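Quantities reported herein were computed from a predicted structural model and do not represent experimental measurements.
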Amino acid sequence: MSHLSNVWFKVTDLEVASGRGCRVTTVDGHDYLDFAAGIAVNSTGHSHPKVTAAIAEQAERFVHASANVFTHDLLEPLATKLDEVTPPGIDTFFFANSGAEITEAAIKLAKQVTKRPNTVVFQGSFHGRTHLAMAMTTSKTVYRAGHAPLPGGVFVAPFPDPLASDQEATINAALRGFDRLLKQQTAPSETAAVILEPVLGEGGYVPAPRAFIEGIAERCREHGIMFVADEVQSGFGRTGHWFAVDRFELEPDIICMAKGIASGFPFAALGTRRELDDQWPTGSHGGTYGGNPLGCAAALATIEVMGEPGFLDNVRSRGTQLRDALSELKEHHPVLRQVRGPGLMVAASFEDPSVVPGVLDHCLRDGGVILMSAGTDGNIVRWMPPLIVTAAEIDEAVGAFANALKAVA
């Protein structure tokens, strides 16, 4: 009898013993190419030597030094590094352990700054599974079912349809829907924050079109609403830039960071402007483990690796290689409807969701490649390999996917 909870969903039944780079090894010695990367977490791959060395060195000095009790000597260096890589205007940082903690912290800060009660989210969003984060998540009902009543003051705006034949029309319709929401359900004077994933994650790897995200940011500025960029999954090089909003030269009021920030060590950060942070009453937010020394060491090492010459260039190049290869497959397999996504945050959209589980299973059992699905209907195969992936590994994974399409679809 297992003493583990069954609440975790399982992508595979693999029992793993170790990982290195883009590969994991099971307890019985079989190797798999891991294109799930801990759900877009293992940004520098499994057990990157610089990251593991930094963690080991720090473990000899401090495992835990609570930021509520001490100021250990990696807190300020990490904040300084984050100031260098985050969008302009972001200069002050709070640390926690997970994406859900940070998205909730962002809304708490926005409410303190604006003295307003409400939050706007978007169709297809995922912001976490704690209670407020669950209320802000709209990608699937499974995340919310059975937990009502959820916290109030959360309103849902439309997101452009990536499959619409007229993209300008779907963008304009979504912006009109947002404007209508502010007129009908949550007045600007009562709206503290708009929280937006620049690329929908669990909602299907849907990039926000430039005109849409710029329109939302403009409306936030007009009404004094805090624009919160949830970069938990899209941040730290995943899209080929440090952050997805960098592609639009946007300056969010608050930015949420987690997942790839520390290469797999549980760590998260909120970034904002000093004048906003100064309105957050001391002691009104915090956490026992926030700013953990091991996490800071892992994050600093991760940023160092990502800052090496050519790192982000490789992400963009491998992303182009992946999209081109998948687009070629699409020409020969009508079951594939669309290939989309920046950098190494790529979606292969299927016409028939029922095909996806068989494709994923074939990739795993016959191809030795771990992939995951996404999307409200489960019709998306999402590609999120470690950012250190090589051209040969992209070819290997696409080859396994191609064989799965032939066999299953």
Side-chain angles (χ1 to χ4, degrees), residues 41 43 50-87 89-113 127-133 193 195 226 228-232 235-236 242-243 252-307:
V41 168
S43 49
K50 287 189 177 180
V51 177
T52 56
I55 293 171
E57 179 182 346
Q58 177 55 45
E60 294 288 336
R61 303 193 301 126
F62 258 130
V63 170
H64 174 61
S66 174
N68 296 112
V69 181
F70 309 108
T71 301
H72 66 76
D73 60 359
L74 295 186
L75 285 169
E76 196 63 52
L78 177 55
T80 299
K81 281 295 182 183
L82 289 174
D83 177 52
E84 294 173 3
V85 300
T86 48
I90 301 294
D91 58 12
T92 304
F93 302 92
F94 168 83
F95 301 133
N97 311 290
S98 70
E101 287 181 69
I102 286 301
T103 57
E104 293 213 13
I107 301 308
K108 288 180 68 174
L109 173 57
K111 289 180 177 181
Q112 288 283 0
V113 169
H127 300 293
R129 279 180 267 207
T130 51
H131 221 210
L132 176 59
I195 183 167
M226 296 292 101
V228 181
D230 182 350
E231 294 260 14
V232 167
F236 283 90
W242 280 103
F243 297 95
D253 298 297
I254 303 169
I255 189 167
C256 302
M257 302 166 272
K259 286 192 180 283
I261 189 174
S263 295
F265 197 95
F267 201 81
L270 176 151
T272 189
R273 300 193 301 276
R274 171 58 67 187
E275 65 265 25
L276 301 183
D277 183 80
D278 284 345
Q279 298 176 64
W280 213 355
T282 299
S284 66
H285 194 63
T288 301
Y289 299 104
N292 174 271
L294 299 183
C296 288
L300 281 165
T302 298
I303 293 171
E304 179 183 350
V305 172
M306 288 188 181

Pairs under 3.5 angstrom only: tabulate donor-acceptor contacts from the side chains of residues 65-72 to other protein residues two or more places apart or in another chain.
{"residue": "S66", "atom": "OG", "partner": "N68", "partner atom": "N", "Å": "3.2"}
{"residue": "H72", "atom": "ND1", "partner": "L74", "partner atom": "N", "Å": "3.2"}
{"residue": "H72", "atom": "NE2", "partner": "G291", "partner atom": "O", "Å": "2.6"}

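Scanning for side-chain hydrogen bond (donor to acceptor under 3.5 Å, both in side chains) contacts around T86 gives an empty result, with sequence neighbours left out. Among residues two or more places apart in sequence or in another chain, the side-chain contact (heavy atoms from CB on, under 4.5 Å) test is passed with A269 by L82, F95, M257, I261. A search for side-chain contact (heavy atoms from CB on, under 4.5 Å) contacts involving A258 returns V232, A268, not counting sequence neighbours. For K111, there are no salt bridge (Lys or Arg N to Asp or Glu O under 4.0 Å) partners two or more places apart in sequence or in a different chain.
Identified under the ring pair (Phe, Tyr, Trp, His ring centres under 6.0 Å) test for residues 272-293, with sequence neighbours left out: H64-Y289, F94-W280, F94-H285, W280-H285. For residues 57-67, every residue pair satisfying the salt bridge (Lys or Arg N to Asp or Glu O under 4.0 Å) rule, not counting sequence neighbours, is listed here: R61-D73. Sorted by first and then second residue, the salt bridge (Lys or Arg N to Asp or Glu O under 4.0 Å) pairs involving residues 89-109 (not counting sequence neighbours) form an empty list. Sorted by first and then second residue, the salt bridge (Lys or Arg N to Asp or Glu O under 4.0 Å) pairs involving residues 252-268 (not counting sequence neighbours) are D253-R273.
Here the straight-line distance linking atom CZ of F265 with atom CD of Q58 works out to 9.5 Å at 0.5 Å rounding. Here the straight-line distance linking atom CG of N292 with atom CZ of F267 works out to 7.5 Å at 0.5 Å rounding. One finds the CG atom of L109 at 5.0 Å from the OG1 atom of T272 (value rounded to the nearest 0.5 Å). Note that the CD1 atom of I254 and the CG atom of D230 stand 11.5 Å from one another [nearest 0.5 Å]. Rounded to the nearest 0.5 angstrom, F93 CZ and E76 CD are separated by 10.0 Å. Distance check: I303 CD1 to L78 CG gives 5.5 Å after rounding to the nearest 0.5 Å.
Annotation for G290 and N97: closest pair N-OD1, 4.2 Å, computed over non-hydrogen atoms. Closest approach of A105 to L270, counting heavy atoms only: C-CD1, 3.8 Å. Residues I90 and I255 share a closest heavy-atom pair of CG2-CG2, 4.1 Å.
Put simply, the side chain of P87 reaches to within 4.5 Å of the side chain of P252, judged on heavy atoms. Between L75 and C296 the shortest side-chain heavy-atom distance falls below 4.5 Å.
When atom types are taken as modelled, the side chain of T103 and the backbone of H127 share a donor-acceptor pair closer than 3.5 angstrom.
No hydrogens or angles considered: a donor-acceptor pair under 3.5 Å links the side chains of T302 and S263.
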